[in-house]
Amino acid sequence: MADEPLVLGIETSCDETGVGIVRGTTLLADAIASSVDEHARFGGVVPEVASRAHLEAMVPTIDRALKEAGVSARDLDGIAVTAGPGLAGALLVGVSAAKAYAYALGKPLYGVNHLASHICVDQLEHGALPEPTMALLVSGGHSSLLLSSDITSDVRPMGATIDDAAGEAFDKIARVLNLGFPGGPVIDRYAKEGDPQAIAFPRGLTGPRDPAYDFSFSGLKTAVARWIEARRAAGEEVPVRDVAASFQEAVVDVLTRKAVRACKDEGVDHLMIGGGVAANSRLRALAAERCEAAGIRLRVPRPKLCTDNGAMVAALGAEMVARNRAASDWDLSADSSLPVTDPHVPGQAHTHSHDHVHEVSKENLYS
Amino acid sequence: MLLLALDTATPAVTVALHDGTSVIASSSQVDARRHGELLLPAVDRVLAEAGHRLDAVTGIVVGVGPGPYTGLRVGLMTADTFGLALGVPVHGVCTLDALAYAADIDGPFVAATDARRKEVYWARYADRRTRVTDPAVDRPGDLDVGGLPAVGAGALLYPDTFPDAHAPEHVSAAAMASLAAERLAAGVELEAPRPLYLRRPDAQVPKNYKVVTPK
Ligand SMILES: [Zn+2]
């Protein structure tokens, strides 16, 4: 529908420079520039390398998104940007760009939460989010179970990792197996040819007294690394495919078990899975199997929308516009530890009637 | 001509508007930790003070450093994006050049800013318009400026290396705008608006190297 908000979203919380454009819940453009190759030799994302790459990639990526969407910047109804959480220096590049762009075009600015954006992106794939929705977010940086009754105003953390993120464990194990970085896709590939039952790796925090919805992958990571080292020390060959499959099984078993349990406990009949690890084929398959058995409708966006991208930010921005949420102020800051409970960073202008910056700004809006 | 100049390469967040003849409005705040928050409101204030809207600007001038990276990028990213949105050229000026241009010294001198980590960014000048060395980053103890006078916070911070240190301490966008206007009027091409980092990135992968999820 033409009267749905047209929003451009900018994402720079980690190593992807993402610019997306949506109209309401319709995806128009999803332009990405990644610096992942520059990080590979370090075995992980180097913040300064990522920040430098964001600065270089931003303008070309905005250009590409506008061309892809076939819209003019003048027609936008708002600019959304990831305000946090994420790498501080990387976030700041995106926030600076979004502020300058919104100001120059005379559009409202929406600083939004990266995690809420990961959930909201599913609207571009499967239409409006059911309310409430349970969301399992798993990536190199996050492993969280979140419950949302309104993605623009109410996101409640149910559980999170108490140590490493799930994706981080994939990267670590890939490194130990000499498979390179990032670890997710390559482990998934090797695991397809391995036996997931070959080695019984531990399932963290699954005891009767453990917190029901929290995760822990540090113990698993160590157990797998030790198992591999022991084989090597004994001069035996490491069965890479079986290790990959058994490790992956341990991760996705815990993730899906806890997510389904949270849905049941809260009486929620929709589970959304997002984040880079949602691209994992075994996670998708096991989640589908267990959700079906429990009568839960599973929603997983296509892999490209699961990893960090600008479209997810635009999707949440469009929802902010649609629900009349307050825009952010021009002094919006990048907040590397923005709480998951803040889906966006509303400005103070609406509560202070004599806010100077805000009043002056109106003078600078294009007609 | 209406130039909007901005620089965030040093602790100063500085913005100025120049109409081709003189600086018509400016703002400078010194706060090394809040570049991101302060810059846009400062631009807004400067425009309002001069009674202009951003779309009246015919060119953007931005300090390209050298400077500690995180703050430096705020100005560059803002300038790049203004240029994209407005369709106007974005010019780079070496931050040390703008600092030197505001010096009140006859004859050769040095301009130096604080590079943190006990180092300075610096360059040598024949006069306030003429830089004679490439900008560099060094420990003050490794430098011998031969007793030349010096300007900038980097000089004021290390009197052993720079015994003859003078104001200005901080770079101002007003000086940067004037220098840029002068060069443009003389048909001199300005630098590309790309950052002068002078250091390689620290190749450290933090433990939780991706997004930190609040618990
Ligand atoms: Zn993410």
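Throughout, a chain's letter reflects where its sequence line sits, starting with A, and its residues are numbered from 1.
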Chain B heavy atoms under 4.5 Å from A/Leu332: which part of the residue, side chain, backbone, both or neither? backbone

Any chance you could lay out the salt bridge (charged side-chain N to carboxylate O under 4.0 Å, His left out) test for B/Arg183 and B/Glu189, step after step, and finish with the verdict? CA-CA 7 Å; B/Arg183 285 182 177 167; B/Glu189 201 166 313; over 6 Å; no

Contacting region of A/Asp63 [heavy-atom separation from chain B under 4.5 Å]: side chain

Counting heavy-atom pairs under 4.5 Å to chain A, which of B/Arg194, B/His35, B/Arg34 comes out on top? B/Arg194

Checking A/Ala97 against chain B: side chain, backbone, both or neither under 4.5 Å from a heavy atom? both

Turns out that what part of A/Val95 lies under 4.5 Å from chain B's heavy atoms comes down to neither

Toward chain B, the part of A/Leu91 with a non-hydrogen atom under 4.5 Å: neither

Under 3.5 Å side-chain donor-acceptor pair for A/Ser216 and A/Asp163: yes

Test item: side-chain donor near acceptor, B/His18 and B/Ser22, under 3.5 Å: no

In residues 132-141 of chain B, what donor-acceptor pairs under 3.5 Å come from side-chain atoms, sequence neighbours left out?
residue, atom, partner, partner atom, Å
B/Thr133, OG1, B/Arg124, N, 2.9
B/Asp138, OD2, B/Trp122, NE1, 3.0

Determine whether the side chains of A/Glu11 and A/His114 contain a donor N or O and an acceptor N or O closer than 3.5 Å. yes

Checking side-chain polar atoms at under 3.5 Å, does B/Ser28 have a donor or acceptor matched by the opposite partner on B/Thr14? yes

Determine the option with the most heavy-atom pairs under 4.5 angstrom with chain B, choosing from A/His54, A/Glu48, A/Arg52. A/Arg52

